[in-house]
Amino acid sequence: MNSIRTGEWQKLAVSLAELSLDTTLRCGQSFRWKKLNEDEWTCSLRGRVISLKQDPKQDPNHVLYKVTWPSNSPLTKLSSSGKGVKVEDDSTKDDTEALLRHYFNLEPNLTELYERWSMADPNFKKRAPKFTGVRILKQDAWEALVGFICSSNNNIARISQMVNNLCLSYGPLIGHVHDQPFHDFPTPESLAGPEVESQLRKLGFGYRAKYLARTAVIVSKEKPENWLESLSNTEPFDETEWKTLKPGGRPGYRKSHEELLALQGVGPKVADCVCLMGLGWGESVPVDTHVWQIAQRDYKFGKGKHKSLTKATYDAIGNHFRLLWGEEAGWAHSVLFAADLRTFAIRLTEKTEVQEELQIKAESEDGVIVQATTVVKKREAIREETIKEETTDDLNVVFSTTAKRTRRR
DNA sequence: CATTGACCTCG
DNA sequence: GAGGTCAAT
C-alpha cells in the first residue's frame, strides 16, 4: 500500500507503573485496539494510525509510538523523512504525543493513587500489586457511547468485532498497517441515516442496531452541536488532597449521568461507562455483573437490603466505593475489575511462580539447601490447577450446568 | 420501587 | 450465557 507513509518509533516517557498497555488496552475499556506482531498495539485516532510498543524488560520507563498518516496529510512528508525536517507552522506539527498524553489520561499520578487506595482499603491492597498501571482512558465520548451500547449482554470479543464492522462500513479509511486496514470511527451523522438499523442488523448487531440508530439521530439531529462533549468534566485533576465528596458524586457527574439515561439503550451501567471513560468523571463507578460479584464477595453486599442488583443496590455500591476510594473511585474500581477478569487469570499464577522462585532463591542464600525438583513440582502443580479450572468452566458452558460455579478465593 | 421476560448473535 | 436495557406487572 503506498497510500500512506509511516514514521519512526518515538519515545513517550511513562513508566510501567503508570501505564500498562497490555492491561489497560485489554480490560474492556476500549474495543478498537488491535494487537499486531505479538507486541504492537495499533488503532486509528483522530485521523491517523498509531502503533504502540512497551517492553517491560528492555525499557520500563518508556512507551514507543509510531504514527502513520494518510497520504493526503501534510504530515506524511514530515514523518517519512525523519528527524531533520524543520517544523514550519502548526499545520505540519505532529501533535501525536499530546494526543497520547490526553488519551491515556497521563496527568494523574497513578502510583500515588494506588498508595492511597491501598491505605484506605485492605482488599485493594491485596489485589492491586499484580495489576499495576491500569489507567482510565479519556476516549472520545461518542466512541465510548457506541461501544458501551454494544456491550449489553455481550462479550469483549464480540463487542470488538461489532465495533470493527461498524468502522469498516461507516468510517473513512485512513490507511493500512501490517496489511490491516484502519478506519476512523464513524461520526454520529454518518450513523443517522434511515437504512442504518437494518444495515447494522445485517452486520450482526442484533437488537442493539435500533439503539445505535436511534441514539445517532438524537445526538446528531435533536441535540445541540457538541452536546455530548459538553457533558465532560472540565475541572483540572487535583492530586494535592483527597477531597471529601458527596456519596453520589459531583453535581456535574450526576447531571451527565442523568442526561445520558435519556438515550436509547443507555441504562445506569452504560451511562457510567461513558461518564468514566469518555467524559472524565473519575467518581463514576459502573456496576456490572463482575463488579456486583466483587461487591458481594469482598464488600459484604448481597445480603439484607441489597440482596439483588436493583437500582437502589446499584447506587449503594457506587456510593460505598466513592466513600472508600474518593474522587477517583472509578479508577480504583477498574483495577479490581481487571484483577477479576478471566482474561488475566493466568497472570495470577505466573506471578505466583515468580514469587516462589524469589523466595527459594532467598532461602538458598541463607544457606538452606533447596532441591531443584521442589521448584519444578510446585510450578507444575500451579499449572494443573489453572488448566483444571478452565476445563471445568468449559464443561459448565457445554452442559449448561444450572448451579453457578463458585469463584476461587 | 422490585421483579420478570424478551431482545439478537455467537465464541 | 455474555461487562444490560426496556416494558410490563
Side-chain angles (χ1 to χ4, degrees), chain A residues 23-31 134 136-137 139 144-166 196-215 218 257-258 260-278 284-297 301-302 304-318 321 330 333-345 390 392-405 407:
Chain A
T23 321
T24 302
L25 296 181
R26 288 201 301 145
C27 72
Q29 285 192 65
S30 59
F31 305 102
V134 181
I136 293 298
L137 302 174
Q139 302 181 70
L145 178 57
V146 170
F148 288 108
I149 284 177
C150 293
S151 75
S152 78
N153 240 307
N154 212 341
N155 56 67
I156 294 179
R158 183 153 85 109
I159 300 165
S160 304
Q161 189 188 6
M162 286 162 59
V163 170
N164 189 50
N165 285 339
L166 187 74
V196 169
E197 181 182 342
S198 60
Q199 290 296 315
L200 290 181
R201 280 187 181 271
K202 286 176 193 165
L203 288 175
F205 280 70
Y207 63 85
R208 305 166 197 84
K210 183 161 71 178
Y211 294 158
L212 285 187
R214 284 287 297 126
T215 296
I218 293 173
H257 192 266
E258 186 185 344
L260 290 171
L261 284 181
L263 299 171
Q264 291 293 305
V266 179
K269 190 267 180 181
V270 170
D272 269 322
C273 285
V274 177
C275 282
L276 180 63
M277 299 155 196
S284 177
V285 179
V287 181
D288 56 29
T289 53
H290 266 282
V291 176
W292 172 228
Q293 310 272 357
I294 293 171
Q296 291 176 88
R297 185 191 62 197
F301 280 87
K305 183 57 207 132
H306 304 304
K307 202 164 173 27
S308 64
L309 186 47
T310 63
K311 184 72 176 72
T313 305
Y314 186 102
D315 292 337
I317 293 174
F321 285 145
H333 132 283
S334 195
V335 175
L336 293 193
F337 179 83
D340 230 53
L341 269 189
R342 186 144 216 80
T343 322
F344 301 125
E390 285 171 356
T392 309
D393 203 49
D394 288 343
L395 287 176
N396 277 349
V397 172
V398 172
F399 296 116
S400 191
T401 312
T402 48
K404 283 208 172 175
R405 196 175 58 85
R407 285 178 177 274

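Here the structure is a predicted model, which means the values were calculated and not measured. Proteins get letters first, then strands, A, B, ... in listed order; numbering begins at 1 in each.
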When you get a sec, tell me which of [options] is the closest nucleotide to the side chain of [X]?
X        : options              : answer
A:Lys311 : B:dA2, B:dC7, B:dT3  : B:dA2
A:Tyr207 : B:dC8, C:dG3, B:dG11 : B:dC8
A:Ile156 : B:dC8, C:dG3, B:dA2  : C:dG3
A:Arg201 : B:dA2, C:dT5, B:dC8  : B:dC8

field: Sugar-phosphate, base or nothing in reach of A:Ile294, heavy atoms under 4.0 Å
entry: nothing
message: Over all strands shown, is A:Ala209 touching base, sugar-phosphate only, or nothing at heavy-atom distances under 4.0 angstrom?
response: nothing
- prompt: With Watson-Crick and G-U wobble geometry limited to distances under 3.5 Å, how should the secondary structure of DNA chain B be encoded in dot-bracket form, using | for bases paired to another strand and [ ] for crossing pairs?
  reply: .||||||.||.
task: Look at the side chain of A:Arg208 and the base of B:dC8, then say whether one donor and one acceptor between them are separated by less than 3.5 Å.
output: yes
field: Side-chain donor/acceptor of A:Tyr314 to base of C:dG4, under 3.5 Å
entry: no
Give me the atom names and distance for the closest heavy-atom approach of [X] to [Y].
X        : Y        : value
A:Phe337 : A:Val291 : CD1-CG2, 4.1 Å
A:Phe205 : A:Cys150 : CE2-SG, 3.6 Å
A:Asp288 : A:Leu309 : O-CD2, 4.5 Å

Distance test, side-chain N/O of [X] to OP1/OP2 of [N], below 4.0 Å:
X        : N     : answer
A:Ser308 : B:dT3 : yes
A:Lys305 : B:dA2 : yes
A:Gln264 : C:dC6 : no

query: Hey, what's the ring geometry for A:Phe301 with A:His306, parallel, tilted or perpendicular (30° and 60° as the breaks)?
result: tilted
- line: Result for 5'-nearest mapping on DNA chain B, choosing between A:Ser152 and A:Asn155, is A:Ser152
task: Check the pair A:Phe148, A:Phe31 against ring pair (Phe, Tyr, Trp, His ring centres under 6.0 Å), reporting the backbone distance first and the verdict last.
output: CA-CA 9 Å; A:Phe148 288 108; A:Phe31 305 102; 5.3 Å; yes
